[in-house]
Amino acid sequence: MSFSKFVSFVLILHLLNPTVVLSSSFLSSSNGWSEIPKKFLHFAKGPELVDWIVGIRRKIHENPELGYEEFETSKLIREELDKMGIPYKYPVSVTGVVGYVGTGKPPFVAIRADMDALAMEELVEFEHKSKNPGKMHACGHDAHVSMLLGAAKILKEHLEELKGTVLLVFQPAEEGGGGAKKMLDAGVLKNVDAIFGLHVVPDQPIGTVASRPGPLLAGSGFFDAVISGKGGHAAIPQHSIDPILAASNVIVSLQHLVSREADPLDSQVVTVAKFLGGGAFNVIPDSVTIGGTFRAFSKESLTQLKQRIEEVIKGQAAVQRCNATVDFYENEKPVPIFPPTINNKDLHEHFQNVARDMLGADKVKDMQPLMGSEDFAFYQEAIPGYFFMLGMRDDTGPQLKSVHSPYFMINEDVLPYGAALHASLAARYLLAAEPKYHSPKEELHDEL
Ligand SMILES: *[C@@H]1O[C@H](CO)[C@@H](O)[C@H](O)[C@H]1NC(C)=O
């Protein structure tokens, strides 16, 4: 636990800090601050900073760690924050780190990166490929961490621009482990007014960003079900209860949840992605395990799907004399259902203003919602939050594969963009929010 005096001071204010809601007209009144994004990008693209960010990204890429095991990644982050003289709180939720840069006073705004890798083998031939068998940064979290450290450096070098305090949130276990929920439960966002997060994407051009107000990514849940029958000789079915046929009917019936029970205008997915059963051509097995995921854009739809998935699996199994148990991982995950990622509308305007000032209006795109999900959504349930996609496609370079592919690669040219966007979104947010704190801030000083 590293807990400097400065951090305790920041945390006290952080806890006393009243919640502020920014109106959209307020956020857009950014006259005079329009140079910050360009200035930060210019700074981020300086050769020294680029080499440093790229070096960090490669170090993390070589040593991928799974959720809640990001000990070396977390250590590297803390070492870099130490070198910059940025105080932090650690550990938060096992491996998480929260850095503080700015005045130490409200308003507080958070920028977030996820640290964990995926349990898969890297197939990219690259000097800095994964040195940990069966683990790979195939979702770009190595880039996300290095960009947030880059933002820390930009902010530290431009302290005069900070009218409040930026929290640098490095969270564990984004990939299904609900690290964001654990960080939230640890009180990380108490009295923080807004949070920003981003994801690198291989299919949009470098130097562009995309997002939308409202629902951006779906909420999700996962299930496993064991369908039990009675094993026996494949040639004498009358003496067995066949779980393979029962499971097959279960899967077909599950398809009706979206096609017949859901509102066609409310996008939903139920996918059975796992079917494990049987090992011989002449033996009916005792049981079959199936598993999958369900997605939707509202809590109501997700809850409804979860309930109906259980009913359909048990009911359809019973039709064929089988028993079924359904597991929604309620004990292993922080919550059985991950919420949808819903972008705050005022922050959308803020994001567009900042991104346009940095990249130009034509580089800031709207996008359709995606059925993928992101645990950033937990933060957005607690405070206004905004999540966006950062393009890294470069048609003159190698063709980039999709996230979670064993051939996934980062176009490292993206790193300064992410760092500068994080830093600019936070700095400009504080500039907009600070005047609202004028009187509560004086009161806080008197109390302290
Ligand atoms: C299902 O469960 C009931 C009650 O426990 C049991 O009597 C029956 O044998 C089970 N059937 C199968 C196919 O496992």
Side-chain angles (χ1 to χ4, degrees), residues 66-68 118-120 134 173 175-178 181 218-264 266-340 371-373 375 404:
L66 302 183
Y68 301 117
L118 288 158
M120 57 190 284
E175 298 287 355
K181 175 80 168 88
S220 66
F222 306 88
F223 63 94
D224 258 340
V226 180
I227 293 153
S228 311
K230 188 171 145 219
H233 199 298
I236 315 170
Q238 72 274 26
H239 289 172
S240 295
I241 299 175
D242 183 358
I244 291 203
L245 183 60
S248 305
N249 279 310
V250 163
I251 293 166
V252 172
S253 292
L254 286 173
Q255 301 313 304
H256 302 153
L257 296 182
V258 174
S259 71
R260 300 291 81 179
E261 295 185 20
D263 179 343
D266 178 18
S267 303
Q268 300 185 18
V269 168
V270 174
T271 293
V272 175
K274 182 157 109 181
F275 192 114
L276 305 171
F281 64 86
N282 53 1
V283 179
I284 291 173
D286 260 328
S287 69
V288 165
T289 299
I290 63 169
T293 180
F294 52 104
R295 310 279 166 122
F297 283 99
S298 72
K299 268 222 149 132
E300 295 69 35
S301 299
L302 288 161
T303 307
Q304 166 81 2
L305 277 178
K306 177 171 176 282
Q307 184 196 326
R308 289 292 293 142
I309 283 168
E310 179 155 11
E311 285 171 5
V312 165
I313 292 174
K314 289 189 168 163
Q316 189 56 252
V319 167
Q320 291 176 286
R321 298 178 295 153
C322 287
N323 291 335
T325 55
V326 188
D327 182 3
F328 290 98
Y329 293 98
E330 268 151 303
N331 298 324
E332 284 158 55
K333 297 194 182 290
V335 291
I337 291 176
F338 280 37
M371 297 309 295
S373 70
D375 88 345
H404 294 214

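We count ligands from 1, going down the list as the structure has it; atoms in each ligand are counted the same way. Residues take their numbers from the sequence shown, with the count starting at 1. We use all heavy atoms of the structure for the numbers below, so side chains are in, but hydrogens, waters and symmetry mates are not.
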Check step by step if side chain to side chain contact (heavy atoms under 4.5 Å, CB included) holds for Ile313 and Phe223.
-> CA-CA 11 Å; Ile313 292 174; Phe223 63 94; 4.1 Å; yes
Using the side chain to side chain contact (heavy atoms under 4.5 Å, CB included) rule, take Val319 and Asn249 through it: C-alpha gap first, then chi angles, then the decisive distance, then the call.
-> CA-CA 9 Å; Val319 167; Asn249 279 310; over 6 Å; no
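Asn323 ND2, 1.3 Å is the protein heavy atom nearest to atom 1 (C) of ligand 1.
Proximity of Lys230 to ligand 1, defined as any heavy-atom pair under 4.0 Å, is not found for any part of the residue.
For atom 3 (C) of ligand 1, the nearest protein heavy atom lies closer than 4.0 Å. Protein heavy atoms are absent from the 4.0 Å sphere centred on atom 7 (O) of ligand 1.
Evaluation of the salt bridge (Lys or Arg N to Asp or Glu O under 4.0 Å) test over residues 267-283, restricted to residues two or more places apart or in two chains, returns Asp224-Lys274.
Those atoms of ligand 1 that come under 4.0 Å of a heavy atom in Ser228, given as number and element, are 13 (C). Every atom of ligand 1 with a heavy atom of Arg321 under 4.0 Å away is listed here by number and element: 13 (C).
With sequence neighbours left out, the side chain to side chain donor-acceptor pair (under 3.5 Å) criterion links Thr293 to Arg295.
Partner Glu310 forms a side-chain hydrogen bond (donor to acceptor under 3.5 Å, both in side chains) with one of Gln307, Lys314, Arg308 and no other, that one being Lys314.
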